[in-house]
Amino acid sequence: MVINQKRRKFSPSLAQKINVMRASVMGANDGILSVAGIVIGVAGATTNSFSIFISGIAGMIAGTVSMAMGEYVSVNTQKDAQQHTVQLEKLALKNDYDKEFATVKQKFLNSGISDKLAQKATSEMMDQGSLTTVVREKYGINVYDYTNPYFAAIASMISFPTGSLLPLLAITFISPTYKIPLTICAVAIALAITGYLAAVLGKAIRYKGVVRNVISGLITMLVTYLIGSLFA
């Protein structure tokens, strides 16, 4: 039994994989949007390609570190909260087992099953693992499946610079005549893709996710360009 628990603890679950995918998509999205805002803003102030490129590189490096550390702290906070909840339930089971049993049983009753079946199901699950059962049924937490902060941080650290390459390369190598409009178009397409993927992972309405993401990106680039043009 202990071996199985250890396997579950160290083997990434579907929830953990989805969390890594979420961090990857959002990291790429932030990379696209953040660096696009920077290079478009600088392009509004100067046509010097080297200045635009350096500002984009600086934004990429700063954003990569910021995203990775942000994910690490955020997911660690979530993990700490999960572990704290488990510790509280250990005490609750020790001090008032019957109350915790009744809570789980009531959840089954609320789902519409009979009292007899609810009693039987609760008894069997509590006998197999009272802590696992209570934590899962009350909070939706798997005792052996805490969110891994390192996976999320690494995913962001890779995806942010990957996403930021698009606006950086576009505005650096496109002809000066079409530099800004084509960069904006490229960024809008990329944001549509990441918006769609984010909506899929979040089980949201696809087209709304795409529209929101593209509009927020366009507004960001417009604002930074106008601010940059003030210093032209």
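Position 1 is the first residue of the sequence; numbering continues from there. Just so it is clear, the structure is predicted and the values come from calculations on it, not from any experiment.
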J.: Kindly compute the distance separating CD1 (Ile18) from NZ (Lys203), expressed to the nearest 0.5 Å.
T.: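 Going from CD1 on Ile18 over to NZ on Lys203, the span is 7.0 Å.
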J.: Distance from Leu93 atom CG to Lys99 atom NZ, nearest 0.5 Å?
T.: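 It comes to 11.5 Å.
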J.: Once you round to the nearest 0.5 Å, how far does CD of Glu137 lie from CE of Met125?
T.: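 Rounded to the nearest 0.5 Å, the CD-CE separation comes out at 5.0 Å.
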J.: Nearest 0.5 Å, what's the CG-CD1 distance between Leu166 and Ile189?
T.: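 One finds 9.0 Å between CG of Leu166 and CD1 of Ile189.
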J.: Can you get from Val214 to Tyr196 by hopping between Ile, Leu, Val, Met, Phe, Trp and Tyr side chains that sit under 4.5 Å apart?
T.: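 Yes: a chain of side-chain contacts under 4.5 Å links Val214 to Tyr196.
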J.: For Leu168, does its backbone N or O pair with a side-chain atom of Thr172 as donor and acceptor, under 3.5 Å?
T.: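 Yes; at least one donor-acceptor contact below 3.5 Å.
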J.: Quick check on the hydrophobic clustering: are Leu165 and Val42 connected, directly or via other members, by side-chain heavy-atom contacts under 4.5 Å?
T.: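 Both belong to a single hydrophobic cluster.
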J.: Looking at every heavy atom in both Gly163 and Ile32, which two are closest together, and how far apart are they?
T.: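 Reported closest heavy-atom pair: O-CG1, 3.2 Å.
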J.: Is it the case that more than 12 heavy atoms not belonging to Met21 sit under 6.0 Å from its CE atom?
T.: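 No, because the 6.0 Å sphere around CE of Met21 holds 12 heavy atoms or fewer from other groups.
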J.: Starting from the C-alpha separation in whole Å, work towards a yes-or-no answer on side chain to side chain contact (heavy atoms under 4.5 Å, CB included) for Arg206 and Val200.
T.: CA-CA 7 Å; Arg206 310 309 197 248; Val200 170; 3.4 Å; yes
J.: Are Met157 and Leu33 linked, directly or through other ILVMFWY residues, by side chains that come within less than 4.5 angstrom of each other?
T.: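 No: no chain of side-chain contacts under 4.5 Å links Met157 to Leu33.
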J.: Quick check: is Tyr139 connected to Met126 through a chain of hydrophobic side chains (ILVMFWY, heavy atoms under 4.5 Å apart)?
T.: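 They do share one cluster, since a chain of ILVMFWY contacts under 4.5 Å joins Met126 to Tyr139.
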J.: Within the distance-only criterion (no hydrogens, no angle test), does the side chain of Ser229 pair as donor or acceptor with the backbone N or O of Leu226 below 3.5 angstrom?
T.: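 Present.
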J.: Once side chain to side chain contact (heavy atoms under 4.5 Å, CB included) is applied, do any residues pair with Ile184, and if so which ones, sequence neighbours excluded?
T.: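 For Ile184, the residues satisfying side chain to side chain contact (heavy atoms under 4.5 Å, CB included) (neighbours in sequence not counted) are Ile40, Ile180, Leu218, Met221.
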J.: Would you list the pairs meeting side-chain hydrogen bond (donor to acceptor under 3.5 Å, both in side chains) in which at least one residue belongs to residues 213-224, sequence neighbours left out?
T.: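 Qualifying pairs: Asn29-Asn213, Thr194-Asn213.
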J.: Hydrophobic cluster membership, with links at side-chain heavy-atom distances under 4.5 Å among I/L/V/M/F/W/Y: are Ile219 and Val35 in one?
T.: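 No, it is not one cluster - the side chains of Ile219 and Val35 are not joined through contacts under 4.5 Å.
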J.: Which residue, Lys138, Lys105, Lys94, forms the side chain to side chain donor-acceptor pair (under 3.5 Å) with Glu100?
T.: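 Per the side chain to side chain donor-acceptor pair (under 3.5 Å) rule, the option paired with Glu100 is Lys138, out of Lys138, Lys105, Lys94.
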J.: Given side chain to side chain contact (heavy atoms under 4.5 Å, CB included), test Phe160 with Ser34 step by step and report yes or no.
T.: CA-CA 9 Å; Phe160 186 95; Ser34 298; 4.1 Å; yes
J.: Can you tell me if Lys107 has over 12 outside heavy atoms packed within less than 6.0 Å of its NZ?
T.: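 Correct, the count exceeds 12.
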J.: Sequence neighbours left out, cut at 3.5 Å: what donor-acceptor pairs do the side chains of residues 51-60 make with other protein atoms?
T.:
unit_1 : atom_1 : unit_2 : atom_2 : d
Ser51  : OG     : Asn48  : OD1    : 3.3
Ser55  : OG     : Ser51  : O      : 3.3
Ser55  : OG     : Ile52  : O      : 2.7

J.: Answer whether the closest heavy-atom distance between the side chains of Leu197 and Ile193 falls below 4.5 Å.
T.: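 Yes, at least one pair of side-chain atoms sits under 4.5 Å.
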J.: State, to 0.1 Å, how close Leu191 and Gly217 come at their nearest heavy-atom pair, and which atoms those are.
T.: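 Shortest heavy-atom contact: CD1-CA, 3.6 Å.
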J.: Might you point out which heavy atoms bring Pro161 and Ser156 nearest each other, and give the distance in Å?
T.: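 Pro161 and Ser156 have their closest heavy atoms at CD-O, 4.2 Å.
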J.: Do Ser114 side-chain atoms and Leu117 backbone N/O form a donor-acceptor pair below 3.5 Å?
T.: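 Checking the backbone N and O of Leu117 against the side chain of Ser114, a donor-acceptor pair under 3.5 Å is found.
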J.: Okay, side chain of Thr183, backbone of Lys179: is any donor-acceptor separation there less than 3.5 Å?
T.: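 Indeed, once roles are kept as given, a pair shorter than 3.5 Å links the two residues.
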J.: At their closest point, which heavy atom of Ser123 faces which heavy atom of Phe101, and how far apart are they?
T.: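 Smallest heavy-atom distance, with atoms named: OG-CZ, 3.4 Å.
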J.: Under the rule for side chain to side chain donor-acceptor pair (under 3.5 Å), what residues qualify as partners of Gln106, not counting sequence neighbours?
T.: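 Result, side chain to side chain donor-acceptor pair (under 3.5 Å) vs Gln106: Asn110.
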J.: So which atom in Ala23 and which in Ser159 form the shortest heavy-atom distance, rounded to 0.1 Å?
T.: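 The pair with the smallest heavy-atom distance is O-OG, 3.7 Å.
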J.: Using only atom types and a distance under 3.5 Å, with no angle test, would you say the side chain of Ser111 pairs donor to acceptor with the backbone of Phe108?
T.: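 Pair found, side chain donor or acceptor close to backbone of Phe108.
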J.: Of all residues at least two apart in sequence or in a different chain, which pass the side chain to side chain contact (heavy atoms under 4.5 Å, CB included) check with Val135?
T.: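 Val135 satisfies side chain to side chain contact (heavy atoms under 4.5 Å, CB included) with Val86, Glu89, Leu131, Ile141, Val143 only.
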J.: At their closest point, which heavy atom of Ala153 faces which heavy atom of Ala68, and how far apart are they?
T.: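 Shortest heavy-atom separation between Ala153 and Ala68 comes out as CB-O, 3.5 Å.
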J.: Can you measure from CD1 (Ile154) to OG (Ser24) and round to the nearest 0.5 angstrom?
T.: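 One finds 10.5 Å between CD1 of Ile154 and OG of Ser24.
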J.: Just to verify, what does Tyr150 make a ring-ring contact (aromatic ring centres under 6.0 Å, His included) with, not counting sequence neighbours?
T.: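 Per chain and number, Tyr150 pairs via ring-ring contact (aromatic ring centres under 6.0 Å, His included) with Tyr72.
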